[in-house]
Amino acid sequence: MQGKTNKLTSMDCIEFGDWLIKASQMNGYVLLIMCNIRKGKFVMQHVDDVKKANIIVEYVIERGEL
């Protein structure tokens with residue numbers, strides 16, 4: 001995902017370890033949806049920057065939750 005766009009861009013759902021991760025972007029905002037299929041944990045976060053979204057994904061994968 002790059003920069004700001006006025007159309008909805010939705011990435012494919014990916015599996016990373018026990019996490020399913022889905023990201024969508026519109027008007028410069030990113031919606032992250034993450035679900036841990038083994039522990040049943042769920043994270044949904046809305047941020048205004050792709051870099052912030054990447055930091056959140058890294059943090060959740062490492063720590064297991066927000």
Side-chain angles (χ1 to χ4, degrees):
M1 294 185 167
Q2 298 181 26
K4 294 185 177 185
T5 178
N6 289 330
K7 67 177 187 171
L8 177 65
T9 304
S10 188
M11 305 301 287
D12 289 335
C13 185
I14 64 159
E15 186 173 350
F16 188 87
D18 293 335
W19 288 96
L20 295 175
I21 304 168
K22 176 81 172 176
S24 299
Q25 182 180 27
M26 185 173 187
N27 294 333
Y29 291 94
V30 180
L31 175 65
L32 291 173
I33 300 173
M34 301 175 67
C35 180
N36 187 309
I37 55 178
R38 198 175 67 142
K39 295 182 180 178
K41 297 202 176 217
F42 180 82
V43 173
M44 183 167 32
Q45 191 71 35
H46 180 255
V47 294
D48 62 354
D49 187 353
V50 174
K51 290 180 184 178
K52 289 178 188 175
N54 288 332
I55 291 169
I56 291 170
V57 169
E58 290 175 12
Y59 183 86
V60 169
I61 288 171
E62 188 169 312
R63 300 284 182 169
E65 59 188 312
L66 277 178

S.K.: Grab the two heavy atoms, one from Met11 and one from Lys22, that are nearest each other, plus how far apart they are.
M.R.: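 Distance-wise, the nearest heavy atoms are O-NZ, 2.7 Å.
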S.K.: Side-chain donor-acceptor contacts of residues 28-35 below 3.5 Å, not counting sequence neighbours, with atom names and distances?
M.R.:
none

S.K.: Is any side-chain heavy atom of Ile21 closer than 4.5 Å to a side-chain heavy atom of Ile61?
M.R.: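 Yes; the side chains approach each other to less than 4.5 Å.
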S.K.: Of Asn54, Ile55, Ile56, which is the lone residue that meets side-chain contact (heavy atoms from CB on, under 4.5 Å) with Val47?
M.R.: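 Looking at Asn54, Ile55, Ile56, the match for Val47 under the side-chain contact (heavy atoms from CB on, under 4.5 Å) is Ile56.
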S.K.: List in chain and number order the residues that pass side chain to side chain contact (heavy atoms under 4.5 Å, CB included) with Arg38, two or more places apart in sequence or in another chain; answer none if no residue qualifies.
M.R.: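 Expected list: Asp18, Asn36.
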S.K.: Please list all pairs meeting salt bridge (Lys or Arg N to Asp or Glu O under 4.0 Å) that have one or both residues in residues 50-60, counting only residues at least two apart or in different chains.
M.R.: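 Counting only pairs at least two positions apart or across chains, the salt bridge (Lys or Arg N to Asp or Glu O under 4.0 Å) contacts touching residues 50-60 are Asp48-Lys52.
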S.K.: Using the test side chain to side chain contact (heavy atoms under 4.5 Å, CB included), find all partners of Glu15 that sit at least two apart in sequence or belong to another chain.
M.R.: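 With neighbours one apart ignored, the set is Leu20, Ile37.
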S.K.: With sequence neighbours left out, which residue pairs that include part of residues 47-66 fulfil the ring-ring contact (aromatic ring centres under 6.0 Å, His included) condition?
M.R.: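 For residues 47-66, and leaving out neighbouring residues, there are no ring-ring contact (aromatic ring centres under 6.0 Å, His included) pairs at all.
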S.K.: Which pairs would a plain distance check flag for residues 39-46, meaning a side-chain donor or acceptor within less than 3.5 Å of a matching protein atom at least two apart in sequence or in another chain?
M.R.:
from  : atom 1 : to    : atom 2 : distance (Å)
Lys41 : NZ     : Glu65 : OE2    : 3.2

S.K.: Sort and list the pairs that fulfil ring-ring contact (aromatic ring centres under 6.0 Å, His included) and have at least one residue in residues 9-28, not counting sequence neighbours.
M.R.: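 Listed by first then second residue: nothing to list.
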S.K.: Nearest 0.5 Å please: distance from the CG atom of Asp49 over to the CD atom of Gln25.
M.R.: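 Spacing of CG (Asp49) from CD (Gln25) equals 9.5 Å.
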